[in-house]
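Below you'll find the structure, written out as structure tokens, and then a few comments.
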Amino acid sequence: MDRLPLEGVTVVAVEQAVAAPFCTARMADAGARVIKVERPEGDFARGYDDVAAGQSSYFVWLNRGKESVVVDLDTAEGKTLLGNLLSKADIMVQNLKPGALERLGFGIEELRQEYPRLILCSISGYGETGPLAGRKAYDLLVQAESGLCSITGSPDEPARVGVSLVDIATGATAYSAILEALIGRSITGDGADIRVSLFDAIAEWLTVPLLHHDAGQSPRRIGLAHPSIAPYGVFSTKDGKPILISIQSDREWAKFSAHFLNKPELAKDERFATNVARVRNRGVTDQFVGDRFAQVDEAVAKEFLTRADIAFASVNDMAALSDHPHLRRITVDTPAGPVSLPAPAPIFVGAQRSYGRVPGLGESRCLPPELPNDDVDLASTRGRLGI
């Protein structure tokens with residue numbers, strides 16, 4: 001197997017829940033040695049559910065390939081152990097409450113001075129300043145606080161996005177920032193102090209609806225439809241099957257009108273000729289589309305849509321995902337046996353990847369005294385990056 005891009009990089013992860021573990025799981029997949037520092041009772045995500053061979057689905061998904069070491073940071077022994085780990089680390093990721101590291105004697109500024117090559121990434125709810133900096137923050141709380149829930153759900157009431165979107169956005173943001181810092185360190189030799197908050201991560205992802213609001217057009221909840229594109233939503237066929245279609249351009253609308261609606265004149269009707277006009281006249285637009293879907297069965301509708309090269313999708317559930325022909329899976333070993341998971345999205349052509357075991361709590365009690373570090377000036381990695 002070819003050398004993985006982050007082999008030789010050591011990560012100390014003082015982490016729990018979802019956002020930070022998402023970030024460090026990606027580093028473990030890329031070959032980094034990730035040492036997960038857990039409190040004596042363990043990451044509380046271990047207890048979220050028991051559906052993955054009797055273990056938490058969240059923990060199994062986000063902690064493959066890591067080592068687990070139990071450290072009681074309230075004790076002198078625990079602080080000494082963490083200090084020893086950091087002395088050999090390239091990266092530290094932590095999502096303790098703001099100020100907690102400082103109170104434990106590991107202030108960010110002091111760590112930067114003592115280990116100038118260390119890349120520190122701190123994940124918080126609302127950042128480290130401002131009126132909400134000290135407030136506990138979890139995914140759904142930030143979905144609500146950020147306004148995401150106000151544009152999610154039916155017209156009648158707001159809803160939670162069905163996955164931990166804020167946590168995942170934050171973890172992905174932290175991961176990309178750390179990779180930038182690694183590249184920067186290979187050039188300058190300097191580490192970095194990275195701060196990522198759940199609120200900032202999702203606020204950036206909310207740029208489009210916020211700009212609509214700032215322009216006086218605050219988005220409304222419209223269920224399974226698109227607020228600024230029409231037709232883009234779900235329509236039921238004659239046999240009661242829901243199909244979601246998306247018309248992305250006026251050229252597509254012309255083809256759709258001619259080949260599916262059998263109303264080519266709609267492409268030149270000023271009420272429907274442009275997307276802005278169709279959104280303005282969404283009710284009438286959707287009526288035309290809905291009436292046509294109601295005349296044909298699902299199979300016929302899909303045949304017409306395919307022939308017209310119109311984008312569409314089935315409205316599936318988790319049972320359909322489980323059997324979907326495009327679902328790729330990996331199998332990871334866990335303390336309770338193998339578990340099948342969706343495969344990570346990136347495919348590195350010609351470089352087969354394997355995925356490490358999910359650790360039991362404290363499995364790595366006896367850490368080796370010398371952690372591989374290569375002095376990580378990343379000389380070899382720099383060459384692999386082509387810098």
Q: Answer whether the closest heavy-atom distance between the side chains of Leu85 and Ile35 falls below 4.5 Å.
A: yes

**Q.** Rounded distance (nearest 0.5 Å) linking atom CD of Glu145 with atom CG of Leu198
**A.** 12.0 Å

Q) Does a side-chain N-to-carboxylate-O contact under 4.0 Å join Arg221 and Glu157? A) no

Q: Could you tell me whether a side-chain N or O of Arg3 sits under 3.5 Å from a main-chain N or O of Glu7, the two making a donor and an acceptor?
A: yes

Q: State, without any angle test, whether Thr75 and Glu77 hold a side-chain donor-acceptor pair at a distance under 3.5 Å.
A: no

Q | Pair Val161-Gln143, side chain to side chain contact (heavy atoms under 4.5 Å, CB included): steps then yes or no | A | CA-CA 8 Å; Val161 175; Gln143 286 195 34; 3.6 Å; yes

Q.
Just verifying a value: how many Å separate Thr170 OG1 and Leu165 CG, rounded to the nearest 0.5 Å?
A. 9.0 Å

Q.
Surrounding CD of Glu204 (heavy atoms of other residues, nucleotides or ligands, distance under 6.0 Å), is the total greater than 12?
A. no

Q. Between Asp43 (side chain) and Ala17 (backbone), is there a donor-acceptor pair under 3.5 Å?
A. yes

Q: Classify the side-chain pair Ser322/Arg329 by whether it contains a donor and acceptor separated by less than 3.5 Å.
A: yes

Q: Would you indicate whether the side-chain heavy atoms of Arg64 and Asp29 approach each other to under 4.5 Å?
A: yes

**Q.** Test item: Arg117 side-chain N/O and Ala192 main-chain N/O as donor-acceptor pair under 3.5 Å
**A.** no

Q. Does NZ or CZ of Arg292 lie under 6.0 Å from the centre of the six-membered ring of Phe288, at an angle within 45° of the ring axis?
A. no

(Q) Counting C-beta onward and ignoring hydrogens, is there a side-chain heavy-atom pair between Leu6 and Leu182 closer than 4.5 Å? (A) yes

Q | Least distance between heavy atoms, Ala201 atom then Thr173 atom | A | CB-OG1, 4.2 Å

Q.
Does any part of the side chain of Leu120, heavy atoms only, come nearer than 4.5 Å to the side chain of Tyr115, both counted from C-beta?
A. no

Q | Under 3.5 Å side-chain donor-acceptor pair for Thr237 and Asp297 | A | no

Q. Side chains of Leu96 and Leu104: closer than 4.5 Å at any heavy-atom pair?
A. yes

**Q.** Lys238 versus Gln295, closest heavy-atom pair with distance
**A.** CD-O, 3.8 Å

Q | Test item: Trp253 and Leu261 side chains (from C-beta on) under 4.5 Å apart, heavy atoms | A | yes

Q) Can you tell if the side chain of Pro344 reaches within under 4.5 Å of the side chain of Arg353, non-hydrogen atoms only? A) no

Q | Check: Ile151 and Leu206 side chains under 4.5 Å, non-hydrogen atoms | A | yes

Q: Compare every heavy atom of Arg112 with every heavy atom of Gly191, then report the nearest pair and how far apart it is.
A: C-NH1, 3.4 Å

(Q) To the nearest 0.5 Å, what is the distance between CD on Gln217 and CG on Leu211? (A) 11.0 Å

Q | Leu141 reachable from Phe44 in the ILVMFWY side-chain graph, under 4.5 Å edges | A | yes

Q: Would you mind checking if Arg195 and Asp200 are paired as a salt bridge, meaning a charged N to carboxylate O distance below 4.0 Å?
A: no

Q | Tyr58 atom OH, over 12 foreign heavy atoms within 6.0 Å | A | no

Q.
When you measure from the side chain of Gln113 to the backbone of Glu110, do you find a donor-acceptor pair of N or O atoms at a distance under 3.5 Å?
A. no

Q | Check: Lys66/Thr24 side-chain N/O donor and acceptor closer than 3.5 Å | A | yes

Q) What about Leu132 and Phe199, same hydrophobic cluster or not, with Ile/Leu/Val/Met/Phe/Trp/Tyr joined at side-chain heavy-atom distances under 4.5 Å? A) yes

Q.
If I compare all heavy atoms of Gly362 with all of Ser68, which pair ends up nearest, and what's the gap?
A. N-OG, 2.9 Å

Q) So which heavy atom on Gln55 is nearest to which on Val60, and how close? A) CB-CG2, 4.0 Å

Q.
Is it the case that the ring center of Phe293 lies less than 6.0 angstrom away from the ring center of Phe260?
A. yes

Q: State the CZ-CG distance between Phe106 and Leu101, to the nearest 0.5 angstrom.
A: 8.0 Å

Q) With Phe235, which of Ile243, Ile245, Leu244 fulfils side-chain contact (heavy atoms from CB on, under 4.5 Å)? A) Ile245

Q. Quick check: are there more than 12 heavy atoms from other residues, nucleotides or ligands sitting under 6.0 Å from CZ of Arg328?
A. yes

Q: Please step through side chain to side chain contact (heavy atoms under 4.5 Å, CB included) for the pair Ser314 and Lys302, ending with a clear verdict.
A: CA-CA 10 Å; Ser314 301; Lys302 288 183 175 181; 3.0 Å; yes

Q. Taking atom types as modelled and ignoring hydrogens, do the side chains of Ser122 and Gln94 form a donor-acceptor contact shorter than 3.5 angstrom?
A. yes

Q: Output all residues satisfying side-chain contact (heavy atoms from CB on, under 4.5 Å) with Ala177, sequence neighbours left out; order by chain, then residue number.
A: Ile194

Q.
Tell me if a side-chain donor or acceptor on Asp49 pairs with a main-chain N or O of Ser57 at a distance below 3.5 Å.
A. yes

Q: Spell out, yes or no, whether Phe59 and Val71 are grouped together once hydrophobic residues are joined by side-chain heavy atoms under 4.5 Å, including indirect joins.
A: no

Q) Roughly how far apart are Thr285 OG1 and Leu266 CG, rounded to 0.5 Å? A) 8.5 Å

(Q) Quick one about Ser124 and Lys97 (side-chain donor to acceptor, distance below 3.5 Å, no hydrogens or angles considered), yes or no? (A) no

Q: Any chance you could measure Met92, atom CE, to Cys121, atom SG, to the nearest 0.5 Å?
A: 10.5 Å

Q. Between the main-chain N or O of Arg271 and the side-chain N or O of Asn281, is there a donor-acceptor pair closer than 3.5 Å?
A. yes

Q.
Check whether Asn95 reaches the backbone of Gln16 with its side chain - one donor and one acceptor, N or O, closer than 3.5 Å.
A. yes

Q: Carefully, step by step, assess Ser197 and Ile123 under the rule side chain to side chain contact (heavy atoms under 4.5 Å, CB included).
A: CA-CA 5 Å; Ser197 76; Ile123 295 175; over 6 Å; no

Q: Using a strict cut-off of less than 4.0 Å between a Lys/Arg side-chain nitrogen and an Asp/Glu carboxylate oxygen, indicate whether Asp250 and Arg278 qualify as a salt bridge.
A: yes

Q | Side-chain donor/acceptor of Asn63 to backbone N/O of Pro21, under 3.5 Å | A | no

(Q) For residues Leu148 and Trp205: do they belong to one hydrophobic cluster (side chain heavy atoms under 4.5 Å, members Ile, Leu, Val, Met, Phe, Trp, Tyr)? (A) yes

Q. Would you say Leu341 and Met318 are hydrophobically clustered, going by side-chain heavy atoms of ILVMFWY under 4.5 Å?
A. no

Q: Of all the heavy-atom pairs spanning Leu321 and Leu327, show the shortest one and how long it is.
A: O-CD2, 3.3 Å

Q) Is there a side chain to side chain contact (heavy atoms under 4.5 Å, CB included) between Arg39 and Asp72 once you walk through the steps? A) CA-CA 6 Å; Arg39 62 187 70 189; Asp72 186 349; over 6 Å; no

Q: Answer yes or no: is there an ion pair linking Glu41 with Arg46, defined by an N-O contact shorter than 4.0 Å?
A: no

Q. Does a side-chain N-to-carboxylate-O contact under 4.0 Å join Lys36 and Glu67?
A. no

**Q.** Arg357 side chain to Pro359 backbone, donor-acceptor under 3.5 Å
**A.** no

Q | Side-chain donor/acceptor of Asp50 to backbone N/O of Ser56, under 3.5 Å | A | no

Q | Carboxylate-amine/guanidinium proximity below 4.0 Å for Asp74 and Lys79 | A | no

